[in-house]
K.L.:
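Pasting in a structure now, in structure tokens, and then I'll have a few things to ask.
Below, chains carry the letters A, B, ... as their sequence lines are ordered, and counting in each starts from 1. Heavy-atom basis, side chains included; hydrogens, waters and symmetry copies ignored. Since this is a predicted model, take the numbers as computed values, not measurements.
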Protein chains: 2
Amino acid sequence: MKNAYNLKDFGLKATVPRLKILELFESGEAQHLSAEDVYRQLVSEGIDVGFATVYRVLTQFELAGVLQRQYFDSNKAIFEINRGEHHDHIVCLDCGAVEEFNDEEIERLQVNAARRRQFELSDHSLCLYAHCRKQNCIHLTSDAKQGAKKFEDSDEQT
Amino acid sequence: MKNAYNLKDFGLKATVPRLKILELFESGEAQHLSAEDVYRQLVSEGIDVGFATVYRVLTQFELAGVLQRQYFDSNKAIFEINRGEHHDHIVCLDCGAVEEFNDEEIERLQVNAARRRQFELSDHSLCLYAHCRKQNCIHLTSDAKQGAKKFEDSDEQT
DNA sequence: CTTGTTGCAAATATTTTGCACCCAT
DNA sequence: ATGGGTGCAAAATATTTGCAACAAG
């Protein structure tokens, strides 16, 4: 597991915007950020940065493998740090909370599904859209929360 | 399996743009189209349509359940017809070919993965990015095609 | 110093909205 | 006829690019 990245390793100069953006993702405070989220965060820290720089840095970091770009069923890119461990996402449709998970069995079946169709799997993106059962979940439809109760005691294991 | 949709069932008037767009998707000629693809197609058929109408119709069809909107790892929406059968996608990273597939086992594991994390699964999007082994695949990296050979005789089944 | 990097503004790309005119019912 | 639907243009949203000024090495 990669814990810290060094800009120099990628031939990138250690500038304020880069260091701050890297710090933002490595700190783990926020895990899934849009370019605008990053921009706002830097501005709120009193850093004079432009949108263009944020986008350029995010793209450089993605190319360097420091960040990963995702699209959670929208036309807006979401970035997260690459800690070297693959994972998929589960997003709460009500409160927007994002959790990461990894299921070895699903991973394995994907490789097979691809092979069976004459494809060599290179990568994949899996995002589960669901209703969480957190107390503080700002659910829009109360049905969702009530419906969730049905599953409370029927937890299956693989 | 739904074979044909009737606009009137959704309270939508049978206008030229709507009928042509529906026909385009139902014909099955092209399965995964962006708004621009649809626009270009209509224009090439000599239909005087505007971009706004295309977007409005696509959105109406999505709300009616006629079409499904997807984002294949880009900031551009891709639409496809909803034939009532859920499926996931596998996209060739070289030639861009899109194939649909469905794996019951993966589907089942997703529900469990969500439950185990206290989520009630509502929907999901799974897209496999891979290298196909079609003869006519316009591969950008010959490595990809050579690498694929490794798997030619090692096809596993679930 | 020298070259990469930045902020700003303008340009692109994708999608949405306002509005007057038009056509399916 | 009339209310929904359309095309066009402008706006909104997301991202990229040109460029002169600037700062890291």
K.L.:
Scan the side chains in residues 15-25 of chain A for donor-acceptor partners under 3.5 Å anywhere in the protein, sequence neighbours excluded, and list what turns up.
P.N.:
from	atom 1	to	atom 2	distance (Å)
A:Arg18	NE	A:Gln60	OE1	3.3
A:Arg18	NH1	A:Lys13	O	3.1
A:Arg18	NH2	A:Gln60	OE1	3.3

K.L.:
Does a donor on one side chain sit under 3.5 Å from an acceptor on the other, for B:His32 and B:Glu100?
P.N.:
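The criterion, which ignores hydrogens and geometry beyond distance, is satisfied for B:Glu100 and B:His32.
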K.L.:
Side chain of A:Asp37, backbone of A:Ser34: donor and acceptor closer than 3.5 Å?
P.N.:
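Yes, A:Asp37 side chain to A:Ser34 backbone: donor-acceptor pair under 3.5 Å.
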K.L.:
Identify, with sequence neighbours excluded, every residue that meets side chain to side chain contact (heavy atoms under 4.5 Å, CB included) alongside B:Ala113.
P.N.:
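B:Ala113 satisfies side chain to side chain contact (heavy atoms under 4.5 Å, CB included) with A:Phe101, A:Asp103, B:Arg117 only.
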K.L.:
Inspect the contact between A:Arg83 and A:Glu26 and indicate whether a charged nitrogen and a carboxylate oxygen are less than 4.0 angstrom apart.
P.N.:
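Not counted as a salt bridge, because no side-chain N and carboxylate O are separated by less than 4.0 Å.
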K.L.:
Looking at residues at least two apart in the chain, or sitting in another chain, which of them share a side chain to side chain donor-acceptor pair (under 3.5 Å) with A:Gln68?
P.N.:
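Counting only residues at least two positions away or on another chain, A:Gln68 forms no side chain to side chain donor-acceptor pair (under 3.5 Å).
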K.L.:
For A:Asn102, what residues pass the side chain to side chain donor-acceptor pair (under 3.5 Å) criterion, not counting sequence neighbours?
P.N.:
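Listed in chain order: A:Glu104.
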K.L.:
Could you pull out all residues at least two apart from A:Thr59 that satisfy side chain to side chain donor-acceptor pair (under 3.5 Å)?
P.N.:
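If we apply the side chain to side chain donor-acceptor pair (under 3.5 Å) test to A:Thr59, skipping adjacent residues, the hits are A:Arg69.
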K.L.:
Quick check on contacts: within residues 29-49 of chain B, what sits under 4.0 Å from DNA chain D by heavy-atom distance?
P.N.:
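DNA chain D contact set from residues 29-49 of chain B: B:Asp48, B:Val49.
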K.L.:
Using a 4.0 Å cut-off to any heavy atom of chain B, which nucleotides of DNA chain C are the first and last in contact, reading 5' to 3'?
P.N.:
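In short, chain B contacts DNA chain C from C:dT14 to C:dT25.
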K.L.:
Just to be sure I understand the geometry, which residues of residues 51-61 of chain A put a non-hydrogen atom under 4.0 Å away from DNA chain D?
P.N.:
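Close to the strand are A:Ala52, A:Tyr55, A:Arg56.
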K.L.:
Tell me yes or no: between the side chains of A:Glu29 and A:Ser27, is some donor less than 3.5 Å from an acceptor?
P.N.:
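Note: A:Glu29 and A:Ser27 side chains meet the donor-acceptor criterion.
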K.L.:
For nucleotides 23-25 of chain D, print each protein N/O atom paired with a nucleotide N/O atom at under 3.5 Å, atom names and distance only.
P.N.:
from	atom 1	to	atom 2	distance (Å)
D:dA24	N3	A:Lys13	NZ	3.4
D:dG25	OP1	A:Ala14	N	3.4

K.L.:
Between the side chains of A:Glu80 and A:His87, is a donor N or O closer than 3.5 angstrom to an acceptor N or O?
P.N.:
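The answer is yes; a qualifying pair exists.
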K.L.:
According to side chain to side chain donor-acceptor pair (under 3.5 Å), who are the partners of A:Asp48, at least two apart in sequence or on a separate chain?
P.N.:
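If we apply the side chain to side chain donor-acceptor pair (under 3.5 Å) test to A:Asp48, skipping adjacent residues, there are no hits.
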K.L.:
Using only atom types and a distance under 3.5 Å, with no angle test, would you say the side chain of A:Asn82 pairs donor to acceptor with the backbone of A:Gly65?
P.N.:
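The answer is yes, because a donor-acceptor pair under 3.5 Å joins these two groups.
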K.L.:
Quick one: do B:Tyr39 and B:Phe51 satisfy ring pair (Phe, Tyr, Trp, His ring centres under 6.0 Å)? Show the steps, please.
P.N.:
CA-CA 6 Å; B:Tyr39 173 77; B:Phe51 243 110; 4.3 Å; yes
K.L.:
Angle between the two end axes of the helix from C:dC1-D:dG25 to C:dT25-D:dA1, five base pairs per end, rounded to 10 degrees?
P.N.:
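Rounded to the nearest 10 degrees, the bend comes out at 30°.
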K.L.:
Name all residues meeting the side chain to side chain contact (heavy atoms under 4.5 Å, CB included) criterion together with B:Ser122; count only those two or more places apart in sequence or in a different chain, and write none if there are none.
P.N.:
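Here the qualifying residues are A:Leu93, A:His131.
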K.L.:
Can you give me the closest heavy-atom contact between A:Leu126 and A:His124, atom names plus distance?
P.N.:
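Shortest heavy-atom separation between A:Leu126 and A:His124 comes out as N-CD2, 4.0 Å.
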